[in-house]
Trainee: 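Below you'll find the structure I mean.
Order of the sequence lines fixes the chain letters, A, B, ..., with proteins taken first and strands second; residue numbering starts at 1 for each chain.
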Amino acid sequence: MSTASAPRPARLARLRAFLARPVVRRVAAVLLVVLLAVLPLLNLTIPGVLPGPTYTPGTLQLLALGLLFAALALSYHVLFGATGLLSFGHALYFAIGAYGLGIVLESTELPLVPAIGVVLVAALVIAAALGAISLRVTGISFAMVTLAFAQAGSVLIRRSPAVTGGDEGLPLAVEHIPGFFVGVLNTRNLYWLALAVAVVVFLLVGWFERSRAGHVAHAVRENETRVRVLGMRPFTVKLIAFVVGSVLAALVGTAYLLLQSGVNPRAASSDFTLTILVIVVLGGVGSRWGAVIGGIVYTLLDQRLTALASSDAIDALPDVLRVPLSEPLFLLGTLFILVVLFLPGGIVGLTRRGRRAESAARDELEEVA
Amino acid sequence: MSTVVLLLITGLGLGALYFLVASGLSLIYGLMGVLNFAHGSFLTIGAFAGYELSRRLGAESIGVFVLALLLGALVGAVVAALTELLLIRRLYERHIEQVLVTVGLALASVALFDGIWGTDPIYLAGPPWFDQTTEILGARVPNDRFVLILVAVLVLLAIVGFLRFTRYGLIVRAGVENRSMVTALGIDVRRAFTVVFAIGGAAAGMGGVLASQYFGYVAPTLGASVLIFAFIVTVIGGLGSLPGAAIASVVVAVLQQFANFYAGGTGDLVVVLLLALVLLVRPRGLLGRRA
């Protein structure tokens, strides 16, 4: 390496070290949350990314959905990223949150907050029971078993139209909901709710990862036999992680019901679980920020690709190109395959890889010196 | 009595369908440790290939049906072999990534089928003989059930024969038992991976043509709906065990039929309950090896 270019990487490295300090990171995170919080009051346009200025209900709705998907991805991160549990049934707990709140609000006189409490307790009980059964097997079998349970939930939802609205979906019963969460004009209140849910889930997941159970969970992900040899019980820790992730997913589900003023059976389908998996892998497995970035990027990408699919430019193409390009899921699936093959760390992995290359360069420099 | 016989034979027919998908899943998992989420897409592409052929040559003839069956198997085998060569092979020993790639392929391929053939089911008619019934012990059983059972038995025999009596079958069996030893003996076990994928794809593609007869339609979601039960079958039968998959296919499908008829359409839920029960009593499945 020539000496002329040496100061630049060094300065960059110093900048990165500064950015990596916990205090700086925390301040940056708070600033980001503040920026997101004042977004509804600003008139920002990002052409090609957002459908309109940031204060319009349509854009806020989309951003709120992105935040909720980020929170959902965070809840899945507890299972997959932190504990190494590849679950294919995570959508079930999201659906329990959404459908559960819808049913409780419709059939009881409970106000919103106690109703959410009831739903979360129900989710806790169900997650503990199903988790205890599915965790009797590990690895790929665990994936299949969680898929089967989620499928049973999906079938139950479709087959009991009297309670869940069947294929039509369940609309939100607005009588017991505070007025400021109802209607298009109040979208920004719902946006703030989504932001609050995302922040709370982010903090709770971080708290879980730093707790004793979280450390053991990381250890189980790396080497389960070794954890057992050390005299700890992987099963208990995995069950705790499963229940924590599931209850958080249910919490996100309740917010989703309020935001979309309803829920349809797609929320319980195996496709939806796969969507969560796509989000987590896209953003980067094993990091909370990966889940957050994945959730927001996925939501925007999904919306943009759908807009692209129905655009005139695509319609004019010959069939060979038009058919694949007009299917957003085809593009997302292909993108997902490419990320898995060529970008194992996801979007977050890109910055990390840069950092690693730089630290390698620095080591080289030090050796030369 | 006649109802019981009808349910039993219909259940056997459905079980045959599950087996055609589960056998490939189980072989692939047994040899390579890969959970193949795209297996349902092999079934769907086989079904569509068969549909396109019979649409052009006439759906009434049984000869065309046999041709469709062979074409479905061929298309399934080619697509599966390509999947292994282009996607799975790059990710050896990284099981989670392999699963993720097949998940991406499943999403993308179903979307592609949506784009080509539309999201709505396409209803089709088979040879008229399939819709006629044969009387067995007082039960009027539609003939297509027998075709399903016959094809599944032939596939089972063919796969068992392949595993028993051919060199590749020997490598596959040895590979399931101890892959590193096979590699250490200087045998290129990777070629066996492609072969196993192709066999699984062929069985699934054939299953696709049969499924479109059994359900009476083809749709991009056809594969996914069978795949979930095939997963359940492989877990109950024991991952990697072909006889286990065969037994579990029959048990699951017959149970499903009986529950659907006698317990008010609860077949799908009863199957999941059975899965939970098997996991509680015997987590490795009926004939699975101890992990």
Side-chain angles (χ1 to χ4, degrees), chain A residues 80 84 86 88 129-130 132-156 158-159 269-271 273-275 277-278 280-282 285 309 319-320 322-342 344, chain B residues 25 29 33-35 37 86-87 90-91 94-116 221 224-225 227-232 234-236 238-239 264-273 275-285 288 291:
Chain A
F80 184 47
L86 181 61
F88 278 112
L130 294 187
I133 296 175
S134 355
L135 285 168
R136 287 180 62 82
V137 287
T138 53
I140 298 297
S141 304
F142 175 78
M144 294 197 203
V145 172
T146 48
L147 177 73
F149 282 133
Q151 190 60 23
S154 169
V155 168
L156 264 182
R158 281 178 195 277
R159 292 257 177 95
S269 66
S270 54
D271 274 2
T273 298
L274 298 187
T275 307
L277 194 62
V278 169
V280 171
V281 173
L282 207 60
V285 180
D319 269 4
V320 184
R322 185 186 54 82
V323 168
L325 287 181
S326 58
E327 292 292 333
L329 257 182
F330 175 77
L331 298 176
L332 272 174
T334 312
L335 176 70
F336 179 69
I337 293 176
L338 293 177
V339 167
V340 173
L341 285 179
F342 301 112
Chain B
L25 278 178
Y29 183 84
V34 177
L35 173 65
F37 254 84
L86 297 179
L87 298 178
R90 312 180 65 105
L91 299 167
R94 286 157 60 191
H95 296 308
I96 300 276
E97 277 92 342
Q98 286 175 330
V99 175
L100 295 180
V101 157
T102 61
V103 165
L105 183 63
L107 287 177
S109 57
V110 171
L112 195 61
F113 300 149
D114 277 348
I116 299 174
T221 52
S225 54
L227 184 68
I228 288 183
F229 291 106
F231 279 156
I232 296 177
T234 40
V235 174
I236 290 180
L239 278 167
T266 53
D268 299 355
L269 298 178
V270 169
V271 167
V272 174
L273 279 182
L275 173 73
L277 189 74
V278 169
L279 287 178
L280 284 173
V281 179
R282 198 179 164 87
R284 66 192 155 114

Trainee: Under 4.5 Å heavy-atom distance to chain A, tell me which part of B:D114 shows up: side chain, backbone, both or neither.
Mentor: both
Trainee: Shorter than 4.5 Å, heavy atoms on both sides: which option in B:V103, B:V271, B:L273, B:L87 has the most such pairs with chain A?
Mentor: B:V103
Trainee: Out of curiosity, B:S225 OG to A:Q151 CD, how far, rounded to the nearest 0.5 Å?
Mentor: 9.0 Å
Trainee: Checking heavy atoms, do the side chain of A:V281, its backbone, both or neither come under 4.5 Å from chain B?
Mentor: side chain
Trainee: Between B:E97 and A:L341, is there a side-chain heavy-atom distance shorter than 4.5 Å?
Mentor: no
Trainee: For B:V99, which atoms come within 4.5 Å of any heavy atom of chain A: side chain, backbone, both, or neither?
Mentor: side chain
Trainee: With no hydrogens and no angle check, is any side-chain donor or acceptor of A:R136 less than 3.5 Å from a backbone partner on B:P283?
Mentor: no
Trainee: Do you know which two heavy atoms are closest between A:F149 and B:A276, and how far apart they sit?
Mentor: CZ-CB, 3.9 Å
Trainee: So for B:L269, is it side chain, backbone, both, or neither that comes closer than 4.5 Å to the heavy atoms of chain A?
Mentor: side chain
Trainee: Do A:M144 and B:L35 have side chains that get closer than 4.5 Å, going by heavy atoms?
Mentor: yes
Trainee: B:I96 versus chain A, heavy atoms under 4.5 Å apart: side chain, backbone, both or neither?
Mentor: side chain
Trainee: Between CG of B:L107 and CD1 of A:I337, what distance do you get to the nearest 0.5 Å?
Mentor: 8.5 Å
Trainee: Pick one of side chain, backbone, both or neither for B:T102, based on which atoms fall under 4.5 Å of a heavy atom in chain A.
Mentor: neither
Trainee: Are A:S141 and B:L239 close enough that some pair of their side-chain heavy atoms sits under 4.5 Å apart?
Mentor: yes
Trainee: If I measure from the heavy atoms of chain A, does B:L91 come under 4.5 Å with its side chain, its backbone, both, or neither?
Mentor: side chain
Trainee: Tell me, for A:S270 versus chain B, whether the close heavy atoms (under 4.5 Å) come from the side chain, the backbone, both or neither.
Mentor: side chain
Trainee: So do the side chains of A:L147 and B:I228 get within less than 4.5 Å of each other, counting heavy atoms only?
Mentor: yes
Trainee: Chain A heavy atoms under 4.5 Å from B:F229: which part of the residue, side chain, backbone, both or neither?
Mentor: neither
Trainee: Sort B:I232 into side chain, backbone, both or neither according to what part of it lies under 4.5 angstrom from a heavy atom of chain A.
Mentor: side chain
Trainee: Looking only at heavy atoms, what is the nearest atom pair of B:L100 and A:L277, with distance?
Mentor: CD2-CD2, 3.4 Å
Trainee: Considering only heavy atoms, which portion of A:F336 lies under 4.5 Å from any heavy atom of chain B: side chain, backbone, both, or neither?
Mentor: side chain
Trainee: Would you say B:R90 and A:F342 make side-chain contact, with heavy atoms under 4.5 Å?
Mentor: yes
Trainee: How long is the straight-line distance from CZ of B:F113 back to CZ of A:F330, given to the nearest 0.5 Å?
Mentor: 10.5 Å
